[in-house]
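See below for the structure under consideration.
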Amino acid sequence: MAKLPKSPLQQLDAAHHLHPFTDSQALHHKGARVIERGEGVYLWDADGNRILDAMAGLWCVNLGYGREELVQAAEQQLRRLPYYNLFFQTTHPRATELAATLATLLPGDMEHVFFTGSGSECNDTVVRMVRHYWAEQGRPERNTIISRHNAYHGSTLAGASLGGMKPMHAQGGLPLPGIVHIDQPYYFGEGGGQSPHQFGLQRARQLEQKILELGPDKVAAFIGEPIQGAGGVIIPPDSYWPEIQRICRQYDILLVMDEVICGFGRTGHWFASEHYGLQPDLLCMAKGITSGYIPLGAVAVGSRVAAGLIKGGEFFHGFTYSGHPVACAVALANIAVMQQERLVARVHDDIGPYLQREWASLSSHPLVGETRGLGLLAALELVADKSDNRRFDEDVGAGVICREHCFELGLVMRAVGDTMIISPPLVIGRAEVDELITRARQALDLTYQTLMN
Ligand SMILES: *Cc1c(COP(=O)(O)O)cnc(C)c1O
């Protein structure tokens with residue numbers, strides 16, 4: 001693609017703005033992609049190009065762009081009470097209403113929530129909360145948390161430590177002490193000839209091995225995403241989660257589900273814990289809770305930990321913007337729209353199966369080694385040779401090539417290595433799914449031409 005001169009905005013941006021998760025040198029060379037406007041599942045860039053956003057922003061714009069209900073809710077709350085905090089024995093109506101509403105949607109015995117401003121803050125909260133809980137039980141030595149390689153739990157010190165992203169750990173000496181990792185249940189990449197069932201059990205039993213290696217009375221909790229999102233939409237074999245839950249119960253380890261992506265209808269359930277038959281002790285949510293219109297996170301707390309915390313005196317933890325009233329008002333409006341439009345059932349019974357069927361048709365493409373998905377999450381694996389699913393050398397950058405072709409064709413699809421992933425708004429229509437698949441196929445064709453020449 002010919003390199004165009006940078007616009008004044010791109011020049012300003014390069015001069016003053018350091019971007020998250022961005023190679024700044026490459027950005028300064030090219031100029032940032034400028035997104036100006038959104039409506040439904042579409043974005044418009046500064047050149048007027050219409051782009052189908054198959055990632056719902058960063059997995060969050062579940063109701064799509066431009067929802068007047070959410071705008072109204074924010075506006076009304078800004079006028080009435082734009083800010084107050086929840087510290088020192090205080091609440092405001094929207095925080096209390098949202099906590100009570102979430103309790104009706106959450107799995108099992110989760111009746112309490114602790115508000116934060118983001119997914120990362122949820123996971124920082126989890127680390128402090130589970131350690132505080134065990135200390136209050138007279139077991140302060142139960143402080144190690146087990147997570148997984150290639151997990152994503154956010155970008156703060158605790159979030160990045162719980163996460164298992166090697167490049168993140170390499171910058172700044174992470175993980176923090178007391179956080180250890182086991183292998184991920186990534187069948188396509190690491191299944192090594194076992195059946196999916198066997199592989200799922202084997203990866204789950206690494207948790208048991210790790211618990212025994214550390215000593216069961218040293219372990220506070222296990223944390224995992226039901227489906228790893230940023231790691232590449234990794235859907236574990238069905239044998240995996242039940243075995244993890246069994247092991248957590250056997251050794252009295254708290255089970256923490258990070259549902260920052262999977263929550264709020266993404267998998268066709270309010271929470272993916274329901275899909276996998278899990279009753280976690282703690283559950284993290286953010287992203288879809290407000291459809292990304294405004295930052296908010298919450299940690300749901302099951303009865304056991306809640307009882308401990310309530311008895312345990314003051315928990316010296318919280319954020320200025322924990323349960324911000326405008327964010328809570330938007331979350332309440334977001335949930336109300338989801339209920340009115342029956343979006344969770346729609347993902348489960350209608351648009352989810354439709355998308356999965358169409359997405360699976362891409363598996364016939366010569367570059368595609370596997371397609372997989374659940375609800376409105378999906379992934380495909382780019383391979384150099386379909387006969388044995390041999391992958392491209394890393395320095396080929398097949399995923400990035402495909403992603404750039406998608407952009408040129410007006411489609412946002414994300415690349416994780418050579419795994420292409422999507423997570424479109426829950427409101428996407430059938431014709432829009434068809435357009436997504438058509439463009440994805442065109443992008444695969446162009447990627448094929450680029451790579452085979
Ligand atoms: C995005 C994400 C986070 C971090 O959320 P932020 O709001 O970016 O801090 C944590 N966990 C999971 C599973 C995520 O996908």
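As the structure lists them, so they are numbered: ligands from 1, and atoms in each ligand from 1. Note that the numbering runs from 1 along the sequence shown for the chain.
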Which class fits the ring pair His269 and His275: parallel under 30°, tilted 30 to 60°, perpendicular over 60°?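 Aromatic pair His269/His275 classed tilted.
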
Does Glu68, at its CD atom, have more than 12 non-hydrogen atoms belonging to other residues, nucleotides or ligands within less than 6.0 Å?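 Above 12, so yes.
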
Close-contact set for ligand 1 against [X] heavy atoms, below 4.0 Å:
X      : answer
Ile261 : 15 (O)
Ser118 : 7 (O), 9 (O)
Asn123 : 10 (C), 11 (N)
Glu225 : 13 (C)

Identify whether the distance between the nearest side-chain nitrogen and carboxylate oxygen of Glu208 and Arg246 falls below 4.0 Å.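 Between Arg246 and Glu208 there is a salt bridge, with a charged N closer than 4.0 Å to a carboxylate O.
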
Any Lys/Arg nitrogen of Asp252 or Arg304 sitting under 4.0 Å from an Asp/Glu carboxylate oxygen of the other?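 Looking at Asp252 and Arg304, the cut-off is met.
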
Assess, by modelled atom type and distance only, whether the side chains of Thr96 and Thr91 contain a donor and an acceptor separated by less than 3.5 Å.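 Yes, because at least one side-chain N or O of Thr96 sits under 3.5 Å from a partner of the opposite role on Thr91.
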
Would you tell me whether Glu190 and Gln184 have side-chain atoms, one donor and one acceptor, within less than 3.5 Å of each other?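 A pair is found: one side chain offers a donor N or O, the other an acceptor, under 3.5 Å apart.
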
Against the six-membered ring of Phe407, is Arg33 placed for a cation-pi contact (under 6.0 Å from the centre, within 45° of the normal)?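 Yes, a cation-pi geometry.
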
Could you tell me whether Trp59 approaches ligand 1 through its side chain, its backbone, both or neither, with non-hydrogen atoms closer than 4.0 Å?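 Looking at Trp59 and ligand 1, no heavy atom falls under 4.0 Å.
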
Where is the nearest protein heavy atom to [atom]: which residue, which atom, and how far?
atom                    : answer
atom 10 (C) of ligand 1 : His153 C, 3.4 Å
atom 9 (O) of ligand 1  : Ser120 OG, 2.5 Å
atom 7 (O) of ligand 1  : Gly119 N, 2.9 Å

Return a yes/no value for Asp258: is any of its N or O atoms, backbone included, closer than 3.5 angstrom to an N or O of ligand 1?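 Right, the criterion is met.
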
Kindly identify the option in Gln228, Lys287, Met257 whose heavy atom sits closest to atom 14 (C) of ligand 1.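 Going through Gln228, Lys287, Met257 one by one, Lys287 has the nearest heavy atom to atom 14 (C) of ligand 1.
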
